[in-house]
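Down below is the structure, laid out as structure tokens.
Quick note on labels: first sequence line is chain A, next is B, and so on, each numbered from 1.
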Amino acid sequence: MNRRFPLTTTGDPHSNPSTQIYLYSIVSLFTLPTSSPTPPCGPLETIGMQDDYPAYLQTTHITPLQVVQGLLPFLRTSPARARDAVANNAPKKSIIFCLPATDAHVGLPFASVQAMSAAATLRGAEVLRREIRLAALTDETHSMRHVKVVTVDVGSIGTMSEKVPSLEHSTIDWTASERAAYQAAFASVLEGQRQLRRKPTDVSKFVRTVVDVVSGGRVGAPQRFEQVDLVLGRIREFIWGDRAVVGAGGMS
Amino acid sequence: VLGGDTPLGIALILDLEKNGYIVITSVSTPEAVDEIEQQSHGYVRAIVLDPTEVCPVASCPRISTNFLYNSQRLFRTSSARFRPP
């Protein structure tokens with residue numbers, strides 16, 4: 001018995017193959033900083049390499065890549081689907097990694113955990129993109145030709161604007177030597193984060209950016225402007241390439 | 001969508017659904033499954049995947065096995081009656 005969408009309809013034992021759903025896009029929000037587990041902040045010297053870092057790495061790097069590994073076969077196109085995609089000018093299927101812009105590209109002091117995980121994921125996405133492109137050139141079935149890997153650099157967005165941790169709480173496990181060496185610098189960085197906070201961008205802009213990437217810039221378009229939207233979508237895809245930026249500070 | 005119950009997840013899921021996509025999303029708790037599916041119009045299916053679940057290195061490939069099994073089965077056995085307006 002097939003499951004049918006919407007979920008309120010009953011299953012169908014004789015579903016038509018043309019109504020089978022297929023995987024169109026994978027969007028990873030796991031790769032953004034999470035509140036659980038809270039990323040530890042402090043000098044690299046104090047980071048728990050047996051507990052804190054593996055837990056954070058598991059959540060924001062290993063798990064999303066494992067899921068992409070498992071679902072990648074569903075993104076490969078059968079020859080018939082590939083012909084349909086070309087005939088209908090269908091946008092490419094996509095794997096979208098949403099990454100914290102500053103952590104992925106800069107790596108600020110006392111934020112090593114987030115920076116190392118984000119940079120590792122970014123590098124993984126770049127390698128995957130090159131592998132898919134190379135495979136698309138040599139694969140005779142063209143199954144990889146319509147898959148793209150996109151990274152979305154996310155700055156400060158509405159509800160996910162980061163909370164600045166307290167100095168006392170962050171330094172509670174530091175040794176006397178670490179306090180003497182790092183505490184003043186760490187306190188000034190926290191103070192700087194409190195005073196120079198960016199105005200978060202509205203969540204709707206993030207949503208619009210991701211949906212645009214998923215659809216190749218063709219969503220919610222009135223039928224009569226379909227061709228114009230198609231061209232605009234292609235231009236936007238050409239300009240953006242494999243990277244989109246959204247949120248205050250996303251261009252860091 | 002991996003992380004449907006993260007701060008940006010629900011807004012993204014509902015917008016994708018509004019634009020005609022069927023959304024299969026991961027959530028970290030069983031309670032979040034109902035919360036998300038009730039806010040949708042029937043085109044969102046939530047599956048539990050706790051990304052914080054840490055296994056010993058030797059069994060790492062099994063971490064997301066349940067999620068993968070459920071989502072792969074869903075892709076193989078699902079069909080759409082019609083797309084939402």
Closest non-hydrogen atoms of B/L2 and A/P64, given as atom of the first, atom of the second and distance, are CD1-CA, 4.0 Å

Using side chain to side chain donor-acceptor pair (under 3.5 Å) as the criterion, list what pairs up with B/T25, not counting sequence neighbours.
none

Could you check whether atom CG of A/D173 has more than 12 heavy atoms from other residues, nucleotides or ligands sitting under 6.0 Å from it?
no

Let's go through A/S25 and B/Y21 carefully: what are the C-alpha distance in whole Å and the side-chain angles of both, what is the deciding distance for side chain to side chain contact (heavy atoms under 4.5 Å, CB included) to 0.1 Å, and is it a yes or a no?
CA-CA 10 Å; A/S25 186; B/Y21 293 98; over 6 Å; no

Honestly, the part of A/F206 sitting under 4.5 Å from a heavy atom of chain B is side chain

In sequence, state the C-alpha distance, the side-chain angles, and the governing distance for B/T6 and A/L32, and then conclude on side chain to side chain contact (heavy atoms under 4.5 Å, CB included).
CA-CA 9 Å; B/T6 55; A/L32 290 170; over 6 Å; no

Minimum heavy-atom distance A/F30-B/S26, with the two atoms named
CZ-OG, 3.3 Å

Between B/V1 and A/L29, is the side chain to side chain contact (heavy atoms under 4.5 Å, CB included) condition met? List the steps.
CA-CA 7 Å; B/V1 175; A/L29 302 178; 4.0 Å; yes

So how far is it from A/Q58 CD to B/D50 CG, rounded to the nearest 0.5 Å?
9.5 Å

Region of B/S40 that comes under 4.5 Å of a non-hydrogen atom in chain A
neither

Have a look at B/L12 and tell me which of A/T209, A/V214, A/V203, A/V211 forms a side chain to side chain contact (heavy atoms under 4.5 Å, CB included) with it.
A/V211

